[in-house]
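This report refers to the structure that appears directly beneath it.
Just so we're clear, the structure is a prediction, and the values are computed from it rather than from any experiment.
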Amino acid sequence: MSFRIRPSKFRHVYGEPAKKNLCYENIRISKNAHDTYFSCANPKFLAVIIESAGGGAFQVLPLERFGRIDLDWGKVSGHSGPVLDIKFDPFNDNVIASASEDCTVKLWHIPDGGAREIRDSLVTLQGHTRRVVQIEWHPTAENILISAGSDSLVILWDCGAGEAIRIIDCHKDVVCSMGFSWTGNVFATTCRDLQIRLIEPRMAKLAQITPGHAGSKASKLAFLTNRKQLFTTGFSKYTDRQYAVWDINNLSQPLKMDILDSSSGVTFPYYDPDTSVVYLAGRGDGNIRYYEMVDSFPVLHYLSQYQSSAPQRSLCAMPKRGLNVNACEIFRFYKLYATKNYIEPISMIAPRKSGLFHEDLFPETAAPTPSMTTEDWLNGQNSPPVMTSLKTRDSLKTNKPVVYRAGDNQLITSDRNNELKFRFIADTAKVDYRPLSERKQNKGALTDDDVRGGFNRSSPEVLKRRSLAFEPSTDLNQRSIRSHPHRLSLQEEPTSHQSEQVEVAVTALPGAPPRKSFRKLQRMWSDRQHSLDVAVIPESPVINGGDEFSSFDILHETLESDQPDPLSNGQEPTTSALSDSSLMDVQTSNETKSVDSEISSGRSDERSDKENHDPDPSFPQIFKLFLEQKETIVKLERTLRLKDEENARLLAQIRLLQESAATTYDPREVSVDGPEIGMHEPCESARESVVNLDECETFGGTSES
């Protein structure tokens, strides 16, 4: 007698756990004894109920946030009691509902990138008098949610209006599990009173009731949505674990009931309507069994099982639109370990030689778009889910869906990230459609978009105003360029308005050098600022007599003669040069600050444009940007600290020069660098210049601030 093997394309399906670097660690999974999933997932996030003092909380992590989770990672903590169940909105990946022991159901909005710390909910649904143990979203209608509590009530909610639509009071004990049909016209429940009920929610009427599993422990169910059947798990009166298949048209007798094993953990069923495969995972077990549903007797066939030595506290399933179809991944679990704070993804793989898309493994699946509105469903309309193909992988992630219209027969999804992207392109990257002749006429004009870093960022005016005219001299010069990318050199030619300010500053100072010497002083100050090592500060000369204002004319004579600058050949600058260049820097600080502030404002606007351009960056990009900003901040702090020390030393030199210059001295007894001093009578203009050195106090204060 030959043995015949039943053909099946899922006979060789196997489970593949993820590597450790693709798992989630250090998550304080809740230790509540309630029989629930403790987690949920969608193509964007993974949410887990955690241990929390002072009320209930759960964490929402981006799927790409692998590895060890920081202890200070934010959580959603708005409930005053422990959270018992959480479910993501099937039509909005950023909305999640939570049920708690504080008798409320709350809706939360999770921003892209995960929740750092959220305390304010979108909607709070109040109506139960005891704790809420189960919640479930409607599969086709928008903003419809049902909740079951320990008060034996099942409440139908309109989340858009934040009010209860129907209150169903037909249970005699706590509801253990709930599930909607394919179109959402009925839902089924299992209860502690050992009964299975089929309820019409819009009429708040009990359609059918039948005895379920005889055991006293919790019973769970999964609605075989596209087959009009129920799959239940429970216990026999001898505490053996069982499973059963029921026809929703006649619940009087099960189509099939069989014993699994004699373990004590509650078994959770998971159904994939696209492949008609049922997965069974028990609490405290290490294995996952899976069966294939068929239309003929015996209704289902055992396929295989995934075995592991680590016990599981619970599992949650990823929707079909979040799977890797190129790797032939037909289902994915997120296993919550029972013995440690660890979550492990497990992929169910149907082995195929080709890495292309297989339509027999991935038929059209439910799309993240409602097929009808709340009002249409309440008025008695029934509609199957909107279907989409996984081959193109378009519109699989959504933020806010658009209501599906049957006349259009299209999947239309509005994504906030795309809206931001298109708005950025429309507002910032404006294309110049003017004729070439008109653009050449206005080519030299500097527009507001150029200053803000807009479309025409390569104009000569912008490049000139943002250029760095540093002369490479030492390593410190290169560090200064990297640390101050927005800083302008004093070697740039000022604008007409800045030239007027310079003229006023020069003419207001009696006895000041001519304009040519003033420009050289600016160049000397720029070279000293960017090339001088701050650790090398020249010692002040000992002045015992002579004229008190001779140093200014020494510098003037040095500049008028074609002698090289002291800093150009590596010599140390004199105290007089430092003093007068400091004075000139004080006079031009206002114009330098105005230019720096204008350029920095343009840079800030440019950064804001870049942030709007990519509102949904991946985690490696965010982490890289964080490291770059942190390194830039450290360099800026180091440079500012060095500049503060340098300014303090310069102030000390200036004050010492003031004290020494107040006394008369004999130029024959003093030896300083440069030509001999031949002045014996003080210059009134230079006297006023020294008096104005008191204004240098503001220079030190500005650097400290």
Using distance alone, with no hydrogens and no angle criterion, decide if [X] and [Y] have a side-chain donor and acceptor under 3.5 Å apart.
X      : Y      : value
Asn287 : Gln307 : no
Asp274 : Thr365 : yes
Ser98  : Lys87  : no
His213 : Gln242 : yes
Asn226 : Tyr271 : yes
Asn250 : Ser252 : yes
Tyr334 : Arg332 : yes
Asn341 : Arg68  : no
Glu364 : Ser389 : no
Asp112 : Asn94  : yes
Thr374 : Glu142 : no

Under 3.5 Å donor-acceptor pairs involving side-chain atoms of residues 11-29, not counting sequence neighbours:
from	atom 1	to	atom 2	distance (Å)
Tyr24	OH	Leu63	O	2.6
Asn26	ND2	Ile69	O	2.8

Checklist line | Flag if over 12 foreign heavy atoms under 6.0 Å of NZ, Lys228 | finding: no

Notebook entry, point to check: For Tyr238, does the OH atom have more than 12 heavy-atom neighbours from other residues, nucleotides or ligands under 6.0 Å away?
Noted result: no

Keeping [X] on the side-chain end and [Y] on the backbone end, is there a donor-acceptor pair under 3.5 Å?
X      : Y      : answer
Asn42  : Phe45  : yes
Asp151 : Thr129 : yes
Asn379 : Glu375 : yes
Ser8   : Phe10  : yes
Lys217 : Ser264 : yes

Margin query: Among Cys159, Ser121, Ser147, Ser100, which residue satisfies the side chain to side chain contact (heavy atoms under 4.5 Å, CB included) criterion with Val105?
Written below: Ser147

Hey, are the side chains of [X] and [Y] touching, using non-hydrogen atoms and a 4.5 Å cut-off?
X      : Y      : answer
Trp73  : Leu61  : yes
Arg166 : Ile155 : no
Pro345 : Phe333 : no
Val133 : Arg131 : yes

Check this for me, if you would: do [X] and [Y] make a salt bridge, where the nitrogen-to-carboxylate-oxygen distance has to be below 4.0 angstrom?
X      : Y      : value
Arg202 : Glu200 : no
Asp247 : Arg227 : no
Asp35  : Arg283 : yes
Lys44  : Asp93  : no
Arg130 : Asp102 : no

Report yes or no: is the cationic atom of [X] (NZ for Lys, CZ for Arg) closer than 6.0 Å to the six-membered ring centre of [Y], at no more than 45° off its axis?
X      : Y      : result
Arg313 : Phe38  : yes
Lys335 : Tyr337 : yes
Lys220 : Phe268 : no

Next item on the list: Verify ring-ring contact (aromatic ring centres under 6.0 Å, His included) between Tyr279 and Tyr270, making sure each step is shown before the conclusion.
Entry: CA-CA 5 Å; Tyr279 302 87; Tyr270 304 85; 7.8 Å; no

Compare every heavy atom of [Y] with every heavy atom of [X], then report the nearest pair and how far apart it is.
X      : Y      : result
Phe91  : Pro370 : CD2-N, 3.5 Å
Leu361 : Ala350 : CD1-CB, 4.0 Å
Ser314 : Thr36  : OG-O, 3.5 Å

Notebook entry, point to check: Does the ring centre of His138 sit less than 6.0 Å away from the ring centre of Phe180?
Noted result: yes

What donor-acceptor contacts under 3.5 angstrom involve side-chain atoms of residues 181-194, with partners at least two apart or in another chain?
from	atom 1	to	atom 2	distance (Å)
Ser181	OG	Gly184	N	3.2
Ser181	OG	Asn185	N	3.4
Ser181	OG	Asn185	OD1	2.8
Ser181	OG	Val186	O	3.2
Thr183	OG1	Asn185	OD1	3.1
Thr189	OG1	His171	NE2	2.8
Thr190	OG1	Ser177	N	3.3
Thr190	OG1	Ser219	O	2.7
Asp193	OD1	Gln195	N	3.2
Asp193	OD1	Arg197	NH1	3.3
Asp193	OD2	Arg197	NH1	3.2
Asp193	OD2	Arg197	NH2	2.7

